[in-house]
Structures are given as C-alpha cells and as structure tokens.
Amino acid sequence: MSDNQKSGVVGGNYRWVGNNTRRPDGVDKVTGRARYGDDMVLPGMLHMRMLRSPHAHARILSIDTSDAEAMKGVKAVVTHKDVPDHPPAKPPFGPAVSDFHDLSRNIMAREKVLYDGHAVAAVAATTESIAKRAVRKIKVEYEILPHVLDPYEAAQAGAPILHEHQFTLGLEPKPKEPSNLFRTLGGEQGNLEQGFENSDLVIEREFSSQPVHQGYIEPLACVASSSEDGAVELWTSTQGHFVARTLLSRLLNLDMSKFRVTASEIGGGFGGKTTIYHEPAAILLSMKTGRPVRSVMTRGEVLRATGPTVGSVCRIKIGAKKDGTLVAADAEIWYQAGAFKGGPVARATDSFFSPYKIPNARTACHDVCVNRPKAAAYRAPGAPMATWAAEAVINELATEFGLDPVEMRLKNAVKEGDTSLMGTKHGRIGCIEVLEAAKNHPHYNAPLKKNQGRGFALGYWLHGGGLSSASANLLDDGTLTLALGTPDIGGSRSSMRAMAAEELGIDIELVKPAVVDTASLGYNHLTAGSRTTYATGMAVVNATREIIEKLCSLAAFKWEISVEEVRWDSGEALPADKYAGKLKPFSLKQLAKMAPGTVGPIAGHSEINAKGAGASFCAQISDIEIDPETGGTSPVRHTVILDAGRAISPDYVEGQMQGGAVQGIGWALNEEYIYDDNGRLLNTGFLDYRMPVASDVPMIDTLIVEVPNPKHPYGVRGVGEPPLVPAPAAVAIAVENAIGRRMGDLPMSPPKVLAAMDAQKLAAE
Amino acid sequence: MLGRGHKNKMAKHSVTTTINGDETEFNCDTHNTLMDVLRSELHMTGTKNGCGTGDCGACTVIMNGRSVNSCLVLGVEVDGAEIETVEGMAQGGTLHPLQQKFLDHAALQCGICTPGIITQAKAFLEKNPDPTETELRFGLAGNLCRCTGYDKIIRAVLDAAAEMRANK
C-alpha cells in the first residue's frame, strides 16, 4: 500500500473508511477469473456480425439480404424493418436529450446512413466466420449525399443537412429551413459590454479540439437470449444495466419486467458504455431464431460507431483588472454532437467560468449535428475543452499583468454561498483549499530545464446524485452480503464494503459486495457523473443502518427492555441508559445466530434519489519537454491535486487522479479522429488511434485534499471525472509555454508543434 | 508451420501443445488465432481480447519463453509449443508475486488489461530481473491500460521484481 499524500480538514477516526483495503474483486481480476462481456458462453449460441455503412452520408435506396439469408449456417438477418419506429421527441428537452426516434436510427440506419460505420444490418450465424461472410453478401444501394464534419461549418446556412425534420430550437419566428444546429444553451449575467470597457486588459482567443474516444480496452460485448414466453435475458458490458433495460424496453416496445439484464465485469467505460449500441440487434436476432445471440464488436467498430466525445470550435474573451480581478468573460463553443443531437452543451456552459466569481459573463454552447458517430459521454463530458479555453486565457492575463497564476485565481475563487453562472448555489466547496495546496506543492515552483514548459490549470465539476438502490443481507454466521446495482468500474465495491463494515463495526472481510441483475434490486441510474460512491454509498449506509436498527430491536427483545435503551457500538448491541453496563452486550455474530429462531431473516434496503452531490475542484501542474528536432512532446512531471471530500479508499482515489491525468495527456498531445475527404475514418485501430503507453508518461504525483461534503455521511465527493477536467488544459498550456507561442488546436501533435516552433523562430528573426 | 493433422484446406487441424504444464489437444481452422483457440475452444478466458490486431496487449501469453500477442499467432503455430497463460500463474492457491503486488499496490481498476500486463511483466522480468523504471516502461509499452495512468502498475512490478530477486 502506498503512502497517500493528503491535506485537508477532514476529521473522524475510522477503522475502514479512509484506509486502503484490498479490493473484493481483485483476486478474480489478477487470475483471469473475472467474467467480462466477451467471456459469456451459452449453449446453442449464435454469433452476430453487423454490416456498417462505408459512407459518411447516404440515402438507403434498398437492402437485399436474400443471398446472406440463403447461406448455410445463417439463421437470421435484421435491418431497420425489424426495429420499431418512434416519432421524434418534442420539446422541452432537459440538459440530457432523450429521443427514441434518434436512438432507433442510431442502432440501425433507417432512411439514411449518417456516418462511416453506421449499422445497416445484422446477421446471426452458427459461427463467427459464417456471420462475417454473410455480412459481405448483403447488398445495399446507396445514393451518396454531401457530408459535413466540422461543427462550425455544419451550423452555417447551406451546409448539408442531416435531419430534414430538425429546426433549431428557441428561435423566434420558427425558422423555415432545417438546420444541423439543434439548440444553443448558455447563461448570462451582468453587463458584458460595460465589463469589457472596465477591464484593463481583454484577451480574445480561438480554440479547437478533435473528438477523442474513451478508449476502454474491452470492446462492447453482449449475449442476448430471448424465450418463447417473451422474456429477454441480456448479459452486457455496460455502465448501467437498469438504464439499458429502460432504453431497450422503450425502444423495442416490450414490458420492462420481461427483461433481466446482467452487467458483466466492465473493462473500462469512461462514459462510453452509458447507452446501447448492438444490444437491440442481438435481442431481435435472438427473438427471430429462438437461440442465444452473442455480439462482440471489433476495435474498428468501436472507434467508427460508438461515441467518442465531441470535437469543438471555441471563441473566448476575458477581461480583467491589473490586480487580477476578473471583470468580464464571454465564451461561445460549437460542439459536434455527431449524427444525432445531444452533445454535452449543458456541461460546457457550466464549465467555462464556474471556478471564479465574474460579475459580467456569458456562455453560448451550440449542439451541432455532423456526419460522425453520435457522441457519447466521456469522463466529465463537455468540460475539458471549455476549461482549456478559459484557463489558457486566464494564464495569459496573469502573465501580462506579471501575476502568479494561482494567486490570480485565488483572488477570484468561488466559495460557499456563491452562485455559479448556471445558478448552482455552492455549499461547502474546496476551490480555495485546492488552489492553496497547488501553490504550496513543491512541483509548482520547481526549476524547469531547457526546452521545458509548465502549465497550470484548475477544473470544476458539478457531480451527479440521483437514483440508487442497495440491499444488505445479514447471514446467520454474522457475515453480510451487499447487493448493488451500479456496475463497479473503478473499485466502488471496495468503498461500499468499507462503508458497510464501518457502520456495522465488523471486519471488512466479513462483507461481500456484488453487482446484481435488474430483477434483483430497485432501480439504479448509471455508474456515471461521479455519482456511485456518493449516491450508492448513501444507499449502502442506509441499508446497513436498517440492519443495525433490527439488531438493536432483537437485543431489546432478548433483554426485555425497550429499543430506545439499546445502542450500537463497534459491532455490538449495548444496553444503554439505566441498563448501561448491567447486561452483557450481544455481538453482531450472536444476534445473527439468534435471528432465524426469533425475528427471522435480517436485511436492510434503501432506494434513494440522492441530492446535493455538489461540486469539486481539481488542479493540475504539467511539465512538458519539447524535442526541438522533431516537435515531439514528453510529459516529464505531472501533479494532480483534487478535493475528494473524503477519500474512502485513498489508493483508488489516486488511481482515478492518475488515470484521468494520463487520458488528458493523450487528449492534448496525441489522440484524434482522422477522416479522409469522403468522411471515412482512417485511424480505426489502437496503432493509429494513439493512446498513451507506459513509456510515454512519468509517474503521476497526487495530492488528495479533503474538504468533506456535508451532504454525505462520510463526506464523499465524486472523484471519477474531475481529474480529466483540467488535464488537457494543463498539458496544452505547458506546450505553449515551452515554445513561447499560442497554438490553440488539440492535439498538439509533433507536426503542429514543429510548425509552431518554426513560426516562432521566423517571428524572432 | 502447420499442425500435424493438416490434410486439406477444409479440414480442422489437430494440434497438440502444452498449456500451463498440461498437454492439451485441440482442433482449429487454419485462420483461428491462438487467442480464438484459448478463449473459444478451451474456454480459457483469462486471456483477454482488446483489439485483435496486436495493438493493445490484453491477449499476451508466453510462448516458448517469449511473450506474444496471442491474437497474432495462429492456433496451428503452437503445435509442440509451451504456452503459459495467466491461469497458470497462481500455484496451489498462492498468488504469483506479480499478482499479489498488483493487489497490494492497487495497480488495477477495471482489470481487463491486468492478465496481459501481468503475463508480459513475468516474461520481461525473466529476461531483465532488475529493470530501471524506464526499462520497465518500455518493457510494458505494448500493453495498453486506460484506467490507471500506469503509475501503480510500474510500482507494483518493480516491487514484485525486488521480491522475486530476494527469493531467488
């Protein structure tokens, strides 16, 4: 176990919470026993392959599946004709868009294909190789249409239109022409014009970034098995099997109770496994054939057809006083939602300026459809690009004024009682504590070597709460099983177990957590939004407290005193008040043994809608060294400082911090989707979609700040997403500082860095 | 090299190999990879599929003492070979030091890359039992991990290497 670096004000002395414990799923994962999406086999199982569009934008004139269906070993083929149609959703739309018209077309193209890799048909055959060959025998006639990939261009009049029924929302009068611009979200306060006038310096810049993929190592995989009685069992790699059930039931017009969805162990998700892709086709094929159907996507399919996060084009303008006071800020960003609306614009609006008090501010975030795969969530969706733009300009202002970048931020930092531009009233938050910790970190003022630059950035993330259920069962040997419904993507079972053991006052090894199927527990929202340890953790605490109440009642019954006269402490029921010290305490183990013969089985359960998850802040310091010959970039030192509220499992909190930082390094330096002139994705494998490998990165230093969240019994704030929010910004700012020139376009790949260095040399001469 | 049972292009090949010390026979098509055979024929799903193109290292196994991406080796090529997979690392209920150190250092999150990285690390340490951090980072550069940022993996392997040297 490592020495976790911590600073903060958290109190409480716990036996399990805040200490490193071995994860309950660990042994299965290091021995290869853990079962992921692709590890499920059912008797008589068929293999599914999909036919995908080779075109970025084309009308489907006809699909002929007869040759494929005639092949020996082919059991069924499905196309859009097998998928129920749904009318377009009507406004108002919430921050997240749900539209089954779109979903039904994304999982299987109907009138048109809208991106390279768009699913057109699916085949189930007795072997994978027959299915592959059958896919090639399906004949599709296309009428190729002009396509558009750039979000700014797509939002302009005259651009090729993806959806003839989509008119930009919120415009008066209603536009006559359809548009790829679905809507614009944003907020405004104060008087911008006056604010810029009152500023001593205003800096305006443009930024752009490319879509990047979540890059989970486990491709999407599922096995569907439909029965003659209409029941559907589904095994799938997902961040939310209850959400998958809802989507599938509504999409396929089947009763929700007929589904039993089991989440496999999940081989990474990062937001990318929060929706459904190939599951409906597998279910439809299973219904047609009466046999289980398995689908495993190739890596190429994952990259071509499942959501990366949005690419962006951004304009930003910030004005400040000489003393560093931020006065006015204006940001506009275009997000490429992909083929269907629903880019993370609501989160972008919240990300630009939320760490700071800026009296005059405006954001406008455009959700634009383009001929790319529909974007999916990626770890703090929408935040890193907006954060980069704002943080880069704030750093430039600090440089121009000769101020320390952290001091300038401290001058403007939000604190408890402040309200964000988007209307979030902050409770106890740790913005100042994180900045102070960064300023005092030895990395912050460490000397740099030749060809090195340093970047500093601060990120903000408003966590999710929401729906979670948990149940706990006390067994008659005094051990506990915990049933959870939020897939464990980064070690949440460890944290749940720690909280349950802490509440009950028993050894952590006596608690066995499991993620159970949708038939076994109340509803759970996704493992997403950094909500799991917060919301599901609360449900676990509630469920174990219910068990404690029942154990106290049992003790009271045995002692023939009232339950008010019993208290629970460190795994024992103790007589209290006038009986204190007069009756022999009952241990949990004794009570558990008595239960079957008296009160019966003892269990606790909790179903909640957790509110008030609140915000957290993450600061990062990045040192990048440039190779002046090649424009190659090397991260040489990187530090992550995060307010975790309370780190239930510090090693796993550090893991989130380190993993998020390295994803940000990839985003800033290497990763991008590269399309040819026909809108076909060129880099469809991990060799060309180049994510960081071990030799690309240094050790990632971490400092956990603990400013407890008053809304959670142990003070938890989410930790999954914040580590990515400022990471690309810190790295990109470091590159610009190293070469002494603005670049403004991610990724800062070697050719771009080399060109910027050449331009800088020319300018100097 | 084709398997002993190679007769005509449609017939399955009969292959005999040693996997984790056990003589194992299987039948496969010419185009089946070692990863296909391990996962689908032999149901040894500890070897993971991440890409199928040799880019991610999740399917790493040790073949005749050398680490290979099992998705880039044909089933017929392992006739007569000695194969080690993650399933063979723990002995008699005791984890291999690498497996134990991965748990001690919290060197895994989702765990999908873990079998491949542990297998690669084992093969690497057999050639270089006392690597520097940089040597180890290059030794593991063929294995992608998207969760951890590699920090705790590197610490776990260096710690395991020290323990393995001490116990020699």
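All values reported here derive from a predicted model rather than from experimental measurement. So you know, we letter chains A, B, ... as the sequences are listed, proteins then strands, and number each from 1.
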Report task. May I have the step-by-step check of side chain to side chain contact (heavy atoms under 4.5 Å, CB included) for Cys147(B) and Phe270(A), ending in yes or no? Result -> CA-CA 9 Å; Cys147(B) 293; Phe270(A) 313 104; 3.6 Å; yes
Query raised in the report: After noting the C-alpha distance and the side-chain angles of Ser129(A) and His31(B), does the key distance pass the side chain to side chain contact (heavy atoms under 4.5 Å, CB included) rule?
Result: CA-CA 10 Å; Ser129(A) 74; His31(B) 65 263; 4.0 Å; yes
Report task. Go through Thr53(B) and Leu687(A) one step at a time and tell me if the side chain to side chain contact (heavy atoms under 4.5 Å, CB included) criterion holds. Result -> CA-CA 9 Å; Thr53(B) 50; Leu687(A) 192 62; over 6 Å; no
Report task. Would you check, one step at a time, whether the test side chain to side chain contact (heavy atoms under 4.5 Å, CB included) holds for Thr31(A) with Val86(B)? Result -> CA-CA 6 Å; Thr31(A) 53; Val86(B) 71; 5.8 Å; no
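Using a 4.5 Å cut-off between heavy atoms, Ile217(A) touches chain B through backbone and side chain atoms alike. For Val693(A), the parts sitting under 4.5 Å from any heavy atom of chain B are the backbone and the side chain alike. Residue contact with chain B, scored on non-hydrogen atoms closer than 4.5 Å, is absent for Ser649(A). Only the side chain of Val296(A) has a heavy atom closer than 4.5 Å to any heavy atom of chain B. Heavy atoms of Thr298(A) lying under 4.5 Å from chain B are absent altogether. Ala34(A) touches chain B through its backbone: at least one of N, CA, C or O sits under 4.5 Å from a heavy atom, while the side chain does not.
With chain B as partner, the option from Ala661(A), Gly268(A), Gly269(A), Gly215(A) having the largest number of non-hydrogen pairs under 4.5 angstrom is Gly215(A). When the candidates Val697(A), Asp25(A), Val302(A), Asp488(A) are compared by the number of heavy-atom contacts under 4.5 Å with chain B, Val697(A) comes out ahead. Chosen from Gly46(B), Gly149(B), Cys110(B), the residue pairing most often with chain A at heavy-atom distances under 4.5 Å is Cys110(B). By number of non-hydrogen pairs under 4.5 angstrom with chain B, the leading residue of Pro219(A), Ala694(A), Gly32(A), Gly26(A) is Ala694(A). Residue with the most contacts toward chain B among Arg35(A), Glu671(A), His638(A), Glu128(A): Glu671(A) (heavy-atom pairs, distance under 4.5 Å). For the set Thr47(B), Leu144(B), Leu95(B), the entry with the most heavy-atom pairs within less than 4.5 Å of chain A is Leu144(B). No other option in Ala221(A), Gly685(A), Gly491(A), Gly655(A) has as many heavy-atom pairs under 4.5 Å with chain B as Gly655(A). Of the listed residues (Ala107(B), Gly139(B), Cys51(B)), the one with the most heavy-atom contacts under 4.5 Å to chain A is Cys51(B).
Interatomic distance, CD1 of Ile153(B) versus CD of Gln658(A), reported as 10.0 Å (0.5 Å rounding). Separation of atoms CE (Met691(A)) and CG (Asp55(B)) is listed at 10.0 Å; rounding is to 0.5 Å. Taking OG1 of Thr148(B) as the reference point, atom CD of Glu654(A) lies at 12.5 Å (rounded to 0.5 Å). In this structure, Thr127(A) OG1 and Asp29(B) CG are separated by 8.0 Å, a value rounded to the nearest 0.5 Å. With rounding to the nearest 0.5 angstrom, the CD atom of Glu265(A) is 9.0 Å from the CD1 atom of Ile112(B). In this structure, the separation between CE on Met699(A) and CG on Asp151(B) is 5.0 Å, given to the nearest 0.5 Å.
With hydrogens and angles disregarded, a donor-acceptor distance shorter than 3.5 Å links the side chain of Gln99(B) to the backbone of Val30(A). When atom types are taken as modelled, the side chain of Asp651(A) and the backbone of Ala106(B) share no donor-acceptor pair closer than 3.5 angstrom. Tyr150(B) places a side-chain N or O within 3.5 Å of a backbone atom of Pro692(A) that can act as its donor or acceptor partner. Put simply, the side chain of Arg146(B) gets close to the backbone of Gln214(A): a donor and an acceptor are under 3.5 Å apart. Proximity of a side-chain donor or acceptor of Arg299(A) to a complementary backbone N or O of Gly50(B) within less than 3.5 Å is detected.
Considering every non-hydrogen atom in both Tyr36(A) and Gly111(B), the closest pair reads OH-C, 3.1 Å. Shortest non-hydrogen contact noted between Ala141(B) and Ser695(A) is CB-OG, 3.5 Å. Closest approach of Gln109(B) to Arg23(A), counting heavy atoms only: O-NH2, 2.8 Å. Of all non-hydrogen atoms in Arg39(B) and Asp38(A), the two that sit nearest each other are NH2-O, 2.8 Å.
For the pair Lys48(B) and Asp39(A), the salt-bridge criterion is met [side-chain N within less than 4.0 Å of a carboxylate O]. Note on Glu87(B) versus Arg33(A): no salt bridge recorded, every NZ/NE/NH1/NH2 to OD/OE distance being 4.0 Å or above. By the 4.0 Å N-to-carboxylate-O rule, Asp696(A) lies too far from Arg137(B) to be salt-bridged with it.
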